[in-house]
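First listed ligand is number 1; within each ligand, the first listed atom is number 1.
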Amino acid sequence: MNILILGGGGREHSLAWAVKQNPKCDRLIVAPGNAGIAQIADCAAINIEDGDAVASFCVENKIDFVIIGPEAPLAAGVADTLRADGVLVFGCSKAAAQLESSKSFTKAICDACDAPTAGYAHFTDAEAAKAYVTQQGAPIVIKADGLAAGKGVVVAMELDTALAAVDDMLGGQFGDAGAEVVIEEFMTGEEASFFILCDGKTVLPVGTAQDHKRAFDGDEGPNTGGMGAYSPAPVLTDAIAEKALAEIVRPTVAEMAARGTPFEGILYAGLMIENGQPRLVEYNVRFGDPECQVLMMRLGAQALDLLLACAENRLDEVTPNWADDHAMTIVMAADGYPGAYEKGSVINGLDDLPETSLEMTFHAGTAEKDGQVIATGGRVLNITARGATLKDAHAKAYAMTRQINWPEGFYRSDIGHRAL
Ligand code: AMP
Ligand code: GLY
């Protein structure tokens, strides 16, 4: 079959890498792709948030299956347009994408189905919001309601920080995304990510992971999209995963179906775990980046069969075949990230790295120029390895990372420290 993947980051490189290994895949196109993806697939320049443009591209290129990577096309309703045109698609509807695109929507769903999560209130008026914050006291968490590129959450340890965050968000810092704020109880515990395929009725867990959000070693520095990840997440034991399915995921899926907006795609549940009890921090409606890279490393070619079964509403017929192994990915980012960074520096040493089912370097922000790979984004490479133990995966991934010659880049040297 001919397959189109939308997106151009490390997540989409890992999806392309897994899909490409499955004999069902004939032609693979990724839009827009990047320099690493271009080595295994055709890349196309289309506006991936324009459903009609994607639908026309599918007709012209005889595409049989579309996999949507990032949240923006999902929130823009690209999956709806494709489904209406009869294109088989992996990715949820615009209505279901509200689980990521609106924090107050998710809170209302949790209320309706009694899913454990942080206590909260929501406001559009700054004075009312600040009165509530003052009454609750710090620590407290302030969130912009809409999509804010991962920057719309302030975990305030002091009251002043919380009050300033309310003013910033309701004062227009994030435009419409911040026209409403959700104010949450501060939760303590250990965080982990749980990935579940849903076809509207059946739910199928496809792995757990933990990532590292802070830029620097020792969990210091500013928040990023994620500087590394590993799978499985030891804190998400089978018993806790079962509890999360029973108390959070299945009730959410049932509530979405009851509202006439079934969730079909990948549900990424960010959980806070304390004393054996999982609570929902947030939902995303896409694979995590870089969590997807470690999941794909462990799933390999069967990922395509699972995504197809999901899109064809027959998840009840499939089971992931897990090797009892571990994977780790290390993000190499451009100096300055997540703040301002230079583009265009040359990355050397990539050609000598192994590319096997156990070791892969996924590209995020890269492009090819005059036969060389150059950095074009903040997060640039995801050096990923699989091993019998996490220690083994860690040793392999770091050995590969040290082989890369890119003076303008940096990486954390302590990915997985908690689990190791
Ligand atoms: P979110 O975008 O909702 O995942 O929030 C980003 C990060 O903020 C999470 O990964 C948590 O580390 C932290 N966070 C969000 N909500 C809470 C909360 N209610 N209590 C404590 N930490 C939180
Ligand atoms: N790595 C966090 C995310 O994808 O949202």
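To the nearest 0.5 Å, the span separating CG on N34 from CD on E368 amounts to 11.5 Å. Summarising the geometry, atom CG belonging to D305 is positioned 6.5 Å from atom CG belonging to L308; distances are rounded to the nearest 0.5 Å. Atoms CG and NE2, from D145 and H122 in turn, are 8.5 Å apart once rounded to the nearest 0.5 Å.
Each of the atoms 18 (C), 19 (N), 20 (N), 21 (C) of ligand 1 lies under 4.0 Å from some heavy atom of M187. Near A118, meaning under 4.0 Å from one of its heavy atoms, ligand 1 places the atoms 19 (N). Remark: ligand 1 atoms within the under-4.0 Å shell around heavy atoms of K143 are 3 (O), 15 (C), 16 (N). The K213 neighbourhood of ligand 1 comprises atoms 10 (O), with distances under 4.0 Å to a heavy atom of that residue.
Counting only residues at least two apart or on different chains, the side chain to side chain donor-acceptor pair (under 3.5 Å) pairs with a member in residues 124-139 are K130-D167. Here ring pair (Phe, Tyr, Trp, His ring centres under 6.0 Å) pairs that include residues 325-345, with residues two or more places apart or in two chains, number zero. Within the structure, salt bridge (Lys or Arg N to Asp or Glu O under 4.0 Å) contacts touching residues 257-267 (residues at least two apart or in different chains) are R83-E264, E255-R259.
Among E184, E185, E274, the one residue that satisfies the salt bridge (Lys or Arg N to Asp or Glu O under 4.0 Å) test with R279 is E185.
Contact annotation: for N223 versus ligand 1, there are no heavy atoms closer than 4.0 Å. The side chain of K103, and not its backbone, has at least one atom closer than 4.0 Å to an atom of ligand 1 (non-hydrogen atoms only; side chain from C-beta on).
A salt bridge links D325 with R298: the closest approach of a Lys/Arg side-chain nitrogen to an acidic carboxylate oxygen falls below 4.0 angstrom. Look at E359 and R386 and you find no salt bridge, because none of the NZ, NE, NH1 or NH2 atoms lies under 4.0 Å from a carboxylate O.
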Give me the pairs of N or O atoms, one from ligand 2 and one from the protein, that sit under 3.5 Å apart.
residue	atom	partner	partner atom	Å
ligand 2	1 (N)	D211	OD2	3.0
ligand 2	1 (N)	G225	O	2.9
ligand 2	1 (N)	D289	O	3.0
ligand 2	1 (N)	E291	OE1	2.9
ligand 2	1 (N)	E291	OE2	3.2
ligand 2	4 (O)	R286	NH1	3.0
ligand 2	4 (O)	D289	N	2.9
ligand 2	5 (O)	R286	NH1	3.4
ligand 2	5 (O)	R286	NH2	2.9

